2 protein chains.
Amino acid sequence: MDDTTDLATRQDTPPQPRLRRLSLYEAVAERLREMVLEGELPPGSRISEKRLCETFEVSRTPLREALKVLANEGLVELLPNRGAKVTEVEPGEVADLFEVMVELEGLSGRLLASRAGEAEIAEIRELHQRMMAHYRRQERPEYFALNQQLHRRLTEIAGNAVLLELETSLTVKVTRARYAANLQLGRWEESAREHGEILAALEARDGEALSRAMREHMRRTGDAVIQGLGGA
Amino acid sequence: MDDTTDLATRQDTPPQPRLRRLSLYEAVAERLREMVLEGELPPGSRISEKRLCETFEVSRTPLREALKVLANEGLVELLPNRGAKVTEVEPGEVADLFEVMVELEGLSGRLLASRAGEAEIAEIRELHQRMMAHYRRQERPEYFALNQQLHRRLTEIAGNAVLLELETSLTVKVTRARYAANLQLGRWEESAREHGEILAALEARDGEALSRAMREHMRRTGDAVIQGLGGA
DNA sequence: TTCGTGTATTTTGAATTCAAAATGCAGGAT
DNA sequence: ATCCTGCATTTTGAATTCAAAATACACGAA
């Protein structure tokens with residue numbers, strides 16, 4: 001896209017692996033992921049390669065590579081010789097998903113308490129306060145975005161790469177389940193309060209309390225989502 | 001491989017999604033996974049698409065699709081415009097891996113105790129005894145294979161699809177770390193004893209004890225592997 | 001009418017081709 | 001001698017082509 005920066009990047013990128021132009025298949029995968037998450041491609045719907053190729057204006061090769069990526073993320077299912085379909089959101093599987101997420105959050109909390117430095121805690125506090133400001137103003141999209149960012153940052157600070165990777169990929173499914181459940185419901189207030197408890201436990205560096213609070217937060221989110229799906 | 005069964009499978013496979021001929025890229029991915037796990041493709045080594053295509057006698061398309069699958073499993077790294085390389089086995093990441101696995105095993109144990117029926121327990125007992133027979137005869141490969149099968153079956157019985165999926169994919173990494181650590185060491189006896197405790201807790205349907213035993217088993221395996229890698 | 005069979009069409013799987021980026025190397029300037 | 005610079009070669013990224021499988025449909029028999 002921006003080829004005037006070649007000169008500048010040429011010698012800087014090898015050491016810093018950040019910031020590169022995406023492959024076509026990555027771009028397609030990203031866009032496709034969005035479409036699935038937001039229900040633009042509804043669960044269960046068959047994906048016609050030809051149609052999508054026309055939509056994205058790419059050939060089938062990068063599209064098929066992107067589909068393989070999405071398949072590994074569990075967003076689409078690849079049926080041999082019969083194309084791909086968007087996976088269904090089964091309430092049972094969503095329950096399983098949160099059951100696992102609760103454990104991972106618990107681990108995250110325990111690690112956090114022992115590994116977060118003062119600087120990190122200050123950073124979290126700041127994110128928390130910004131988020132709460134949006135809550136008071138009832139700005140949902142901004143709140144939600146910061147919420148995601150905050151949770152991600154917490155896991156980053158926990159300092160376990162495998163955990164971070166797992167939470168990232170499972171969060172995609174969680175987000176999808178939220179959309180499917182149309183979860184803009186009444187949990188806002190409760191959720192905000194839980195966030196307060198999480199911050200408090202972090203500031204107190206109380207590993208057990210933090211772990212409990214994060215587990216509980218995830219558990220309740222799960223309950224709300226599952227209820228929204230008409231599950232148990 | 002066996003194309004004489006086409007006639008038989010033609011009408012049976014649609015209802016039962018089991019048992020289908022693999023796509024070329026799946027076959028390639030499987031073989032490639034083996035090669036990485038067993039160190040035939042050493043960590044850090046660059047992968048030449050052309051060479052591998054010649055080895056497998058396939059074109060680049062299915063090979064590249066397979067590489068994408070392996071990349072999502074974390075076995076290879078895709079460098080844009082510069083091909084793929086086998087990921088390194090970093091002791092730090094292996095430590096992270098086991099830290100997560102311990103939690104998942106704990107969950108698995110808790111679920112197992114409440115969900116395993118008599119039939120399942122009997123099945124596990126039988127697997128356990130077969131495994132122990134191999135232990136007594138000091139037949140390592142057979143022991144190891146049954147060990148894998150038993151652990152997988154335990155997670156299956158735990159009845160959480162997401163957990164099963166996660167453990168499956170993480171087990172691939174665990175296996176790779178074991179190979180890298182050359183772990184055919186002295187933990188055999190200890191490990192066998194731990195398996196006894198697991199079975200006992202399962203038979204007693206003691207969720208807490210089972211969870212603890214499975215966590216502990218995984219923790220110690222991790223310690224041994226990390227030690228074998230020359231880590232902490 | 002309904003069901004089954006065979007054929008035409010569409011869609012997917014894999015190979016090939018074409019283009020762009022990266023790598024390696026030779027020659028020349030400092 | 002060392003370090004640029006530019007070209008040739010190799011390797012990767014993406015489009016296209018070809019083949020095989022699945023689907024849709026029309027026809028004919030029961």
Side-chain angles (χ1 to χ4, degrees), chain A residues 1-17 19-32 41 45-71 76-86, chain B residues 1-17 19-32 41 45-71 76-86:
Chain A
M1 296 294 138
D2 184 2
D3 36 16
T4 67
T5 59
D6 278 6
L7 203 145
T9 54
R10 182 105 11 127
Q11 46 192 295
D12 293 346
T13 33
Q16 299 138 280
L19 206 70
R20 4 163 314 260
R21 194 164 58 83
L22 295 95
S23 299
L24 201 41
Y25 88 90
E26 289 175 300
V28 170
E30 212 164 276
R31 179 80 189 95
L32 211 47
L41 293 172
S45 65
R46 282 285 289 278
I47 290 176
S48 155
E49 292 187 2
K50 191 154 71 77
R51 217 171 53 71
L52 272 185
C53 284
E54 286 159 6
T55 308
F56 292 147
E57 299 185 289
V58 298
S59 78
R60 282 176 55 217
T61 307
L63 176 69
R64 299 182 93 248
E65 293 180 343
L67 283 175
K68 251 141 217 97
V69 174
L70 278 270
V76 307
E77 228 168 330
L78 264 32
L79 319 176
N81 291 322
R82 310 177 68 212
K85 76 188 236 315
V86 180
Chain B
M1 298 290 145
D2 184 3
D3 37 14
T4 67
T5 59
D6 279 5
L7 202 145
T9 53
R10 182 105 12 127
Q11 46 191 294
D12 293 347
T13 34
Q16 301 138 280
L19 207 69
R20 3 163 312 259
R21 193 164 57 86
L22 294 92
S23 298
L24 202 40
Y25 87 90
E26 290 175 300
V28 170
E30 210 164 278
R31 180 77 189 96
L32 211 46
L41 293 172
S45 66
R46 282 283 291 279
I47 291 177
S48 156
E49 293 187 1
K50 191 153 70 76
R51 217 172 52 72
L52 272 184
C53 284
E54 285 159 6
T55 308
F56 293 147
E57 299 185 290
V58 299
S59 78
R60 282 175 56 217
T61 306
L63 176 69
R64 301 182 93 247
E65 293 180 341
L67 282 176
K68 253 145 215 92
V69 174
L70 278 270
V76 305
E77 226 168 329
L78 261 33
L79 318 176
N81 292 321
R82 309 176 66 214
K85 77 188 236 310
V86 179

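Everything quoted here is computed from the prediction, not taken from an experiment. Proteins come first, then strands; the chains are lettered A, B, ... in the order of their sequence lines, and each starts at number 1.
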Rounded to the nearest 0.5 Å, how far does [atom2] of [Y] lie from [atom1] of [X]?
X     : Y     : atom1 : atom2 : answer
A:K68 : B:K68 : NZ    : NZ    : 9.5 Å
A:L70 : A:E30 : CG    : CD    : 11.0 Å
A:E77 : A:L67 : CD    : CG    : 12.5 Å

Mapping A:K50 and B:Y25 to their closest nucleotides on DNA chain C, which lands nearer the 5' end?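 This one resolves to A:K50.
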How close or far is atom [atom2] of [N] from atom [atom1] of [X], stated in whole angstroms?
X     : N      : atom1 : atom2 : result
A:R60 : D:dT17 : CZ    : C1'   : 10 Å
B:L22 : D:dA21 : CG    : P     : 15 Å
B:L78 : D:dT11 : CG    : C1'   : 14 Å
B:F56 : C:dA15 : CZ    : P     : 13 Å
A:R64 : C:dT11 : CZ    : P     : 14 Å
A:E54 : C:dT11 : CD    : P     : 10 Å
A:L79 : D:dT23 : CG    : C1'   : 14 Å
B:L24 : C:dA14 : CG    : P     : 5 Å

How far does the helix from C:dT1-D:dA30 to C:dT30-D:dA1 bend, going by the axes of its first and last five pairs, to the nearest 10°?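 Overall, the helix from C:dT1-D:dA30 to C:dT30-D:dA1 bends by 10° from one end axis to the other.
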Less than 4.5 Å apart, side chain to side chain, heavy atoms only: is that true for A:L41 and A:L32?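 A side-chain contact under 4.5 Å exists here.
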Is there a side-chain contact between A:L52 and A:V28 in this structure, where contact means two heavy atoms from C-beta onward sitting under 4.5 Å apart?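 No. Closest side-chain heavy atoms not under 4.5 Å.
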With nearest nucleotide decided by heavy atoms, which residue, B:I47 or A:R46, maps closer to the 5′ end of DNA chain D?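 It is B:I47, whose closest nucleotide lies nearer the 5' terminus.
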Toward the 5' end of DNA chain D, which comes first, A:V58 or B:E49, by nearest nucleotide?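 The residue whose closest nucleotide sits nearer the 5' end is B:E49.
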Nearest-nucleotide pick for A:S59, side chain only, options being C:dG13, D:dA14, D:dA15: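 That would be D:dA15.
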Under 4.0 angstrom between B:T61 side-chain N/O and C:dA14 OP1 or OP2: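 Answer no for this pair, as no side-chain N or O of B:T61 is under 4.0 Å from OP1 or OP2.
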When you measure from the side-chain N and O atoms of B:R82 to the phosphate of C:dA21, is any distance below 4.0 Å, counting only OP1 and OP2?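 It does not, given that no N or O in the side chain of B:R82 lies less than 4.0 Å from OP1 or OP2 of C:dA21.
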Check every strand shown and say whether B:L67 touches a base, only sugar-phosphate, or nothing at a heavy-atom separation below 4.0 Å.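 B:L67: no heavy atom of the nucleic acid under 4.0 Å.
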With sugar-phosphate meaning primed atoms plus P, OP1 and OP2, does A:L63 contact a base, only sugar-phosphate, or nothing at under 4.0 Å between heavy atoms?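 No contact.
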Non-neighbouring partners of A:K50 that pass side-chain contact (heavy atoms from CB on, under 4.5 Å), sequence neighbours left out: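 side-chain contact (heavy atoms from CB on, under 4.5 Å) check on A:K50 returns A:S48, A:E54.
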Residues in side-chain contact (heavy atoms from CB on, under 4.5 Å) with B:R31, at least two apart?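 Checked B:R31 against side-chain contact (heavy atoms from CB on, under 4.5 Å); matches are B:E34, B:M35, B:E40, B:F56.
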